[in-house]
**Q** 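Mind looking over this structure? Questions follow.
Count residues from 1 along the sequence. Side chains included, hydrogens not; waters and symmetry mates left out as well; all remaining heavy atoms used.
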Amino acid sequence: MFVLGLPYAILHGGYLGLFLIIFAAVVCCYTGKILIACLYEENEDGETVRVRDSYVDIANACCAPRFPKLGGRIVNVAQIIELVMTCILYVVVSGNLMYNSFPSLPVSQKSWSIIATAVLLPCAFLKNLKSVSKFSLLCTLAHFVINILVIAYCLSRARDWAWDKVKFYIDVKKFPISIGIIVFSYTSQIFLPSLEGNMHNPKEFHCMMNWTHIAACILKGLFALVAYLTWADETKEVITDNLPSTIRAVVNLFLVSKALLSYPLPFFAAVEVLERSLFQEGARAFFPNCYGGDGRLKSWGLTLRCALVIFTLLMAIYVPHFALLMGLTGSLTGAGLCFLLPSLFHLKLLWRKLQWHHVFFDVSIFVIGSICSISGFIHSLEGLIEAFRYNIED
């Protein structure tokens, strides 16, 4: 979904933006691999065995023995922020797309967001990933249609592509926001331990990571470049807003469908993290279990789920700036979960076994990631403050 913001990153970064799309793919692929390496240790026979199951387990192992639960809680907070912000972005983009598709209707962007949230309320009743996967399948089909329509239109205007507009310099104030957008489009680390654990042949994990990141890098780079060449300096935060009104309405309807169908996965994941960390840790839980003895969700637990859906709506209404919100999230939690924590955990848990070039890569990623994260966070926050101060629309 967030590929729609990549042409906006090229607008402010030019060729450096394209380089960062490639660089982010390489780094995210590497940190994904070292994160999975932290799940394993050698036993007495010298065999590598899986001793941890999740990102939280890795974090707790790094903070043990002094603070055995601190690392897990930090990761849980980061995961919840990342997942809830993703849900908020889906509501924001739904309202934005519907408003720009039907500008003649007397319905504001905030009203469209409210309508979208009304459609999403049944997500509170989701019980398992099986039901979520059906929405994800439909989401994938919508994604193919959107890509074909946007790329076809851009190719039809290939004669007018503005190659001279692709810059070798960057907009120092706005480019850090683009870094957050690019990073956020690659975030997958929180799902990798579970994914690797469910593979029929976990030994193929590295091969899978290589090919998926190569494919993602090529597709994202081409999409961002082709879309930017078509509209150049007129490129908007959500690239489909640049399409002619007739095509835009069709594409945006598919995009809204995709956004609504994408919402259940991060919502369900956020609910699982919240329930596991706050309600289901036995005597250590902060609150009583939200499930009854028969496994059914209690009424107050359902109310809390509905409240989470409403919270995403309120945030979407009061912070309706897609690119800035995406840049803020990518800089705050995306960089932390994708760059900083995996490299830090790798150094802590496997220090004695690492070769010098692995240490160099880990330290470099941590330092560069920290600089990009802080810079992107500050500039995204400044952009949001400026947008509110001067009442700037998307």
**Q** Charged N to carboxylate O under 4.0 angstrom, Arg50 versus Glu41?
**A**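 Here Arg50 does not pair with Glu41 in a salt bridge, since their nearest N and O are not under 4.0 Å apart.
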**Q** Please check this pair: side chain of Arg248 against backbone of Asn242, looking for a donor-acceptor N/O pair closer than 3.5 Å.
**A**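 Not at all, since once roles are kept as given, no pair shorter than 3.5 Å links the two residues.
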**Q** For the hydrophobic clusters of this structure (ILVMFWY residues joined by side-chain heavy atoms under 4.5 Å, transitively), does one cluster hold both Val26 and Leu340?
**A**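 Different hydrophobic clusters.
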**Q** Ignoring hydrogens and angles, tell me if any N or O in the side chain of Ser257 forms a donor-acceptor pair with the backbone of Leu253 under 3.5 Å.
**A**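 The answer is yes, because a donor-acceptor pair under 3.5 Å joins these two groups.
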**Q** Roughly how far apart are Ile21 CD1 and Leu222 CG, rounded to 0.5 Å?
**A**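 Spacing of CD1 (Ile21) from CG (Leu222) equals 9.5 Å.
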**Q** Between Leu302 and Phe125, is there a side-chain heavy-atom distance shorter than 4.5 Å?
**A**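 In short, these two side chains touch, coming nearer than 4.5 Å.
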**Q** Do Leu344 and Cys62 touch side chain to side chain, with heavy atoms closer than 4.5 Å?
**A**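 Result no, sub-4.5 Å side-chain heavy-atom pair not found.
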**Q** Going from CG on Leu35 to CG on Leu192, what distance comes out if it is rounded to the nearest 0.5 angstrom?
**A**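 Reported to 0.5 Å precision, the distance equals 6.5 Å.
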**Q** How many angstroms lie between atom CG of Leu149 and atom SG of Cys154, to the nearest 0.5 angstrom?
**A**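 So the gap between those two atoms works out to 11.0 Å.
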**Q** Please tell me if the side chains of Val145 and Val251 come closer than 4.5 Å, counting only heavy atoms from C-beta onward.
**A**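 Val145 vs Val251: side chains apart.
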**Q** For the atom pair CH2 (Trp112) and CZ (Phe102), what is the distance rounded to the nearest 0.5 Å?
**A**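 Here the interatomic distance stands at 6.0 Å.
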**Q** Find out if a path of hydrophobic residues (ILVMFWY) with successive side-chain heavy-atom gaps under 4.5 Å connects Val49 to Phe345.
**A**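 No; tracing contacts between hydrophobic side chains, which count when under 4.5 Å, never links both residues.
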**Q** Applying side chain to side chain contact (heavy atoms under 4.5 Å, CB included) to Asp53 and Leu39, what does each step give before you reach the verdict?
**A** CA-CA 7 Å; Asp53 294 319; Leu39 296 173; 6.0 Å; no
**Q** Quick one: does any side-chain atom of Arg305 pair with a main-chain N or O of Leu126 as donor and acceptor, under 3.5 Å?
**A**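 Confirmed, Arg305 side chain pairs with Leu126 backbone.
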**Q** Look at the side chain of Ser94 and the backbone N and O of Ser113, then say whether any donor-acceptor pair between them is shorter than 3.5 Å.
**A**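 Flag not set: sc Ser94 to bb Ser113 has no pair under 3.5 Å.
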**Q** Regarding Tyr263 and Thr312, is there a side-chain donor-to-acceptor distance under 3.5 Å anywhere?
**A**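 The criterion, which ignores hydrogens and geometry beyond distance, is satisfied for Thr312 and Tyr263.
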**Q** Counting C-beta onward and ignoring hydrogens, is there a side-chain heavy-atom pair between Phe223 and Pro7 closer than 4.5 Å?
**A**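 Yes - at least one pair of side-chain heavy atoms lies under 4.5 Å apart.
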**Q** If you measure from OG on Ser136 to CG on Leu261, what distance do you get to the nearest 0.5 Å?
**A**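 That separation rounds to 8.5 Å.
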**Q** Honestly curious: do Val256 and Ile148 fall in one hydrophobic cluster under the side-chain, below-4.5 Å linking rule?
**A**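 No, Val256 does not connect to Ile148 through the hydrophobic network.
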**Q** Quick one: does Ser343's side chain get under 4.5 Å of Phe361's, heavy atoms only?
**A**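 Ser343 does not reach Phe361 side chain to side chain.
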**Q** Indicate the atoms forming the closest heavy-atom contact of Pro266 with Tyr90, along with that distance.
**A**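 Heavy-atom minimum between the residues: CG-CE1, 3.8 Å.
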**Q** Looking only at atom types and distance, does a side-chain atom of Asn252 sit under 3.5 Å from a main-chain N or O of Met98, one as donor and one as acceptor?
**A**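 Answer holds: no.
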**Q** Quick one, Trp163 and Leu225 - any side-chain contact, counting heavy atoms below 4.5 Å?
**A**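 A side-chain contact exists here, since the closest heavy-atom pair is under 4.5 Å.
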**Q** Evaluate the ring planes of Phe360 and Trp356, with Trp represented by its six-membered ring, and classify them as parallel (under 30°), tilted (30 to 60°) or perpendicular (over 60°).
**A**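 If you compare the ring of Phe360 with that of Trp356, the planes turn out tilted.
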**Q** Quick one, Leu265 with Phe135, criterion side chain to side chain contact (heavy atoms under 4.5 Å, CB included). Give me CA distance, side-chain angles, the key distance, then yes/no.
**A** CA-CA 8 Å; Leu265 178 59; Phe135 293 110; over 6 Å; no
**Q** Looking only at heavy atoms, what is the nearest atom pair of Gln79 and Val56, with distance?
**A**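 It is OE1-CG2, 4.4 Å.
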**Q** Under a 3.5 Å distance rule, please check whether His213 uses its side chain to pair with a backbone N or O of Met209 as donor and acceptor.
**A**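 Between the backbone of Met209 and the side chain of His213 there is a qualifying donor-acceptor contact (under 3.5 Å).
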**Q** Is the side chain of Tyr228 donor-acceptor paired with the backbone N or O of Lys165 at a distance under 3.5 Å, no angle test?
**A**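 Pair found, side chain donor or acceptor close to backbone of Lys165.
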**Q** Measure across Arg52 and Ala61 and return the closest heavy-atom pair with its distance rounded to 0.1 Å.
**A**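 For Arg52 versus Ala61, the nearest heavy atoms are NE-CB, 3.3 Å.
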**Q** Could you go through the side chain to side chain contact (heavy atoms under 4.5 Å, CB included) check for Met199 and Phe205 one step at a time?
**A** CA-CA 8 Å; Met199 290 180 69; Phe205 178 80; 3.9 Å; yes
**Q** State, yes or no, whether a side-chain contact exists between His143 and Phe254 at a heavy-atom distance under 4.5 Å.
**A**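 Side chain of His143 against side chain of Phe254, heavy atoms only: no contact under 4.5 Å found.
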**Q** Counting only heavy atoms from other residues, nucleotides and ligands, does the tally under 6.0 Å from CD of Glu42 exceed 12?
**A**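 Enclosed: over 12 neighbouring heavy atoms sit under 6.0 Å from CD of Glu42.
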**Q** Quiz question: by atom type and distance under 3.5 Å, do the side chains of Thr230 and Trp161 form a donor-acceptor pair?
**A**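 Yes.
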**Q** If you count the non-hydrogen atoms of other residues, nucleotides and ligands that lie under 6.0 Å from NZ in Lys203, is the total more than 12?
**A**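 No, because the 6.0 Å sphere around NZ of Lys203 holds 12 heavy atoms or fewer from other groups.
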**Q** Taking the side chain as everything from C-beta on, heavy atoms only, tell me whether Ile317 gets closer than 4.5 Å to Ile114.
**A**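 Contact flag for Ile317/Ile114 side chains = yes.
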**Q** Grab the two heavy atoms, one from Leu11 and one from Thr235, that are nearest each other, plus how far apart they are.
**A**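 Looking at all heavy atoms of both residues, the closest pair is CD2-O, 3.6 Å.
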**Q** CD1 of Ile247 to OG of Ser156: how many Å apart, nearest 0.5 Å?
**A**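 Spacing of CD1 (Ile247) from OG (Ser156) equals 7.0 Å.
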**Q** Is there a path from Ile58 to Phe67 through hydrophobic residues (I, L, V, M, F, W, Y) whose side chains come within less than 4.5 Å of each other?
**A**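 No, because Ile58 and Phe67 fall into different hydrophobic clusters, even though each may have its own neighbours under 4.5 Å.
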**Q** Verify, without hydrogens or angle tests, whether Asn96 (side chain) and Val92 (backbone) share a donor-acceptor contact under 3.5 angstrom.
**A**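 No: the side chain of Asn96 does not pair with the backbone of Val92.
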**Q** Name the residue from Phe366, Tyr30, Tyr55 that meets the side chain to side chain contact (heavy atoms under 4.5 Å, CB included) definition with Pro342.
**A**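 The side chain to side chain contact (heavy atoms under 4.5 Å, CB included) with Pro342 is passed solely by Tyr55 among Phe366, Tyr30, Tyr55.
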**Q** Gln189 side chain to Cys28 main-chain N or O, any donor-acceptor pair under 3.5 Å?
**A**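 Present.
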**Q** Specify the closest pair of heavy atoms between Asn210 and Cys29, including all atoms of both residues, with the distance to one decimal.
**A**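 Smallest heavy-atom distance, with atoms named: OD1-SG, 3.6 Å.
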**Q** What's the verdict on side chain to side chain contact (heavy atoms under 4.5 Å, CB included) for Phe267 and Leu83, showing C-alpha distance, side-chain angles and the deciding distance?
**A** CA-CA 7 Å; Phe267 175 81; Leu83 294 166; over 6 Å; no
**Q** Side-chain heavy atoms nearer than 4.5 Å, only ILVMFWY residues, links allowed to pass through others: does that put Leu105 and Leu97 together?
**A**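 Hydrophobic grouping puts Leu105 with Leu97.
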**Q** With no hydrogens and no angle check, just 3.5 Å: does a side-chain donor-acceptor pair link His358 and Asp362?
**A**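 Judged by distance alone, the side chains do not pair up.
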**Q** Do you know the tightest heavy-atom contact between Gln109 and Tyr99?
**A**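 Smallest interatomic distance, heavy atoms only, reads N-CD1, 3.6 Å.
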